[in-house]
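Structure first, then comments.
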Amino acid sequence: MKSTNIWIALVVIFLISIGVLTFLTCWDKETKSQILQFGGIIITGLGFFIAIVQLKIASNKYFSDLEKKSKDYLDLSVVAENVESFYNIKTKVINKSGENKDIDFSFLLITQQSEDIIEQANQIANFKELNRVFDCSNDFNEFKSFIEEPIFINKRIGLVPLDFYFSENIAIGNENPAYTYSFDNTKIKLDKGIYSVRFFIYPKVGYHRSTVDSLIIK
């Protein structure tokens, strides 16, 4: 914008100079005519140049906005509720970018609040006899290849794939899909205590994101 203003100022100064040379001098008509013709050529060239610059600026902004939208994260929410022994974990994905987002894997990780989720993930890997040691949550999407159904181990850890987001939905556009996972703890038999329920989303492009809510098992 600043450079455009400079060019406009230069054009104005040039027009004023042409006006002065044409109307405030004693030169003959032929000379003044040549000055006007030359000035017209210069103004046309400058106008074309400014138009090209403006087009380039607009194009850069357009492609920059597209790139930003493609990198925008999905907003997540998770809410845990219960009625007696029945527990509901409500999840939602919100796409504000307007660009379709493909999800590669999504799941719930249920652990006691005091436990380290990396250690709990490695316990799940050991339970499934995977030759894998996790050191961060970036690679939890590897569970997709080995866990197709909800599993609960040691009465303290649970992992629930949410096929709704990555299998039933091909892509998430300008919408807010939601899914509720429910379980009866008289069958699951998680120990009493305060748990953290983490909702993980792994997009096909970009970094994963998660959000968490507390779940109290009575």
Side-chain angles (χ1 to χ4, degrees), residues 71-96 101-169 172 175-218:
K71 292 181 178 179
D72 282 345
Y73 296 117
L74 293 166
D75 289 339
L76 314 178
S77 72
V78 59
V79 178
E81 303 173 344
N82 79 288
V83 178
E84 297 180 350
S85 66
F86 295 92
Y87 292 83
N88 299 317
I89 302 173
K90 300 180 177 180
T91 64
K92 180 183 287 189
V93 170
I94 302 171
N95 184 5
K96 297 179 181 178
K101 303 289 183 178
D102 291 311
I103 294 176
D104 183 59
F105 188 45
S106 175
F107 65 94
L108 296 172
L109 180 62
I110 304 172
T111 63
Q112 290 214 341
Q113 196 172 76
S114 59
E115 301 287 351
D116 180 89
I117 64 169
I118 304 300
E119 294 179 1
Q120 305 305 296
N122 283 315
Q123 287 195 41
I124 295 172
N126 290 334
F127 179 81
K128 296 295 291 185
E129 297 182 347
L130 306 181
N131 186 23
R132 180 70 165 88
V133 176
F134 294 102
D135 55 14
C136 64
S137 61
N138 292 339
D139 302 320
F140 286 176
N141 59 333
E142 294 180 22
F143 282 126
K144 179 182 179 181
S145 301
F146 305 99
I147 301 177
E148 297 180 355
E149 301 291 337
I151 66 168
F152 291 86
I153 64 175
N154 302 331
K155 296 182 178 181
R156 298 167 65 89
I157 309 169
L159 192 149
V160 181
L162 299 179
D163 301 51
F164 174 78
Y165 291 112
F166 62 90
S167 180
E168 294 185 35
N169 287 275
I172 295 177
E175 53 190 328
N176 306 325
Y179 179 80
T180 299
Y181 173 74
S182 301
F183 67 92
D184 180 358
N185 200 46
T186 60
K187 297 179 179 180
I188 301 299
K189 297 182 179 180
L190 288 173
D191 290 339
K192 293 182 179 180
I194 302 175
Y195 289 75
S196 292
V197 181
R198 286 178 171 81
F199 175 30
F200 282 90
I201 287 283
Y202 288 79
K204 291 186 177 179
V205 178
Y207 299 106
H208 80 279
R209 282 295 178 268
S210 66
T211 188
V212 63
D213 193 20
S214 292
L215 173 66
I216 299 176
I217 303 293
K218 300 179 181 180

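Side-chain atoms are counted along with the backbone in the values below, which use heavy atoms only and exclude waters and symmetry mates.
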Fill in: Ser182 and Asn88 side chains, donor-acceptor separation under 3.5 Å
yes

Fill in: Side-chain H-bond candidate by donor/acceptor type, Gln123 with Asn154, under 3.5 Å
yes

Rounded to the nearest 0.5 Å, how far does [atom2] of [Y] lie from [atom1] of [X]?
X	Y	atom1	atom2	answer
Tyr202	Glu142	OH	CD	9.5 Å
Asn122	Ile117	CG	CD1	11.0 Å
Asp163	Phe105	CG	CZ	8.0 Å
Lys90	Thr180	NZ	OG1	5.5 Å
Gln120	Arg156	CD	CZ	7.5 Å

Worksheet item: So, the side chain of Tyr165 versus the backbone of Pro161: is there a donor-acceptor pair under 3.5 Å, distance only?
Response: no

Practice prompt. Determine yes or no for a side-chain-to-main-chain donor-acceptor pair under 3.5 angstrom, with Asp184 supplying the side chain and Phe86 the backbone.
Written response: no

Are [X] and [Y] packed together at the side-chain level, in the sense that at least one heavy-atom pair is separated by less than 4.5 angstrom?
X	Y	result
Ile94	Lys92	yes
Ser106	Ile201	yes
Ile157	Phe127	no
Asn141	Asp104	yes
Phe146	Leu130	yes
Leu162	Thr91	yes
Glu81	Leu215	no
Phe166	Asp102	no

Worksheet, complete the sentence: Which of Ile110, Thr111, Leu76 passes side-chain contact (heavy atoms from CB on, under 4.5 Å) with Arg198? Answer is Thr111

Response to the item:
Of Val160, Asn185, Leu159, Ile124, the one forming a side-chain contact (heavy atoms from CB on, under 4.5 Å) with Phe152 is Val160

Return the minimal non-hydrogen interatomic distance between [X] and [Y], and the atom names on each side.
X	Y	value
Ile118	Ser137	CD1-N, 3.8 Å
Ile151	Ile147	CD1-CD1, 3.8 Å
Lys155	Tyr195	O-OH, 3.4 Å
Ser214	Ala80	O-CB, 3.5 Å

Discussion item. Set out, in order, the CA-CA distance, both residues' side-chain angles and the distance that settles side chain to side chain contact (heavy atoms under 4.5 Å, CB included) for Asn169 and Ile103, then state yes or no.
Written reply: CA-CA 8 Å; Asn169 287 275; Ile103 294 176; over 6 Å; no

Worksheet entry | Steps toward side chain to side chain contact (heavy atoms under 4.5 Å, CB included) verdict (Lys189, Thr186) | CA-CA 5 Å; Lys189 297 182 179 180; Thr186 60; over 6 Å; no

Practice prompt. Return yes when atom CD1 of Ile216 has more than 12 non-hydrogen atoms of other residues, nucleotides or ligands closer than 6.0 Å, and no otherwise.
Written response: no

Discussion item. Checking Tyr181 against Leu108 for the side chain to side chain contact (heavy atoms under 4.5 Å, CB included) test, could you report, in this order, the C-alpha distance in whole Å, the side-chain angles of both residues, the deciding distance, and whether it holds?
Written reply: CA-CA 9 Å; Tyr181 173 74; Leu108 296 172; 4.0 Å; yes

Worksheet item: Taking the six-membered ring of Phe134, is the NZ or CZ of Arg132 close enough (under 6.0 Å from the centre) and on axis enough (within 45°)?
Response: yes

Fill in: Intermediate values then yes/no, side chain to side chain contact (heavy atoms under 4.5 Å, CB included), His208 and Phe200
CA-CA 7 Å; His208 80 279; Phe200 282 90; 3.9 Å; yes

Discussion item. Angle between ring planes, Phe107 versus Phe143, binned at 30° and 60°: parallel, tilted or perpendicular?
Written reply: perpendicular

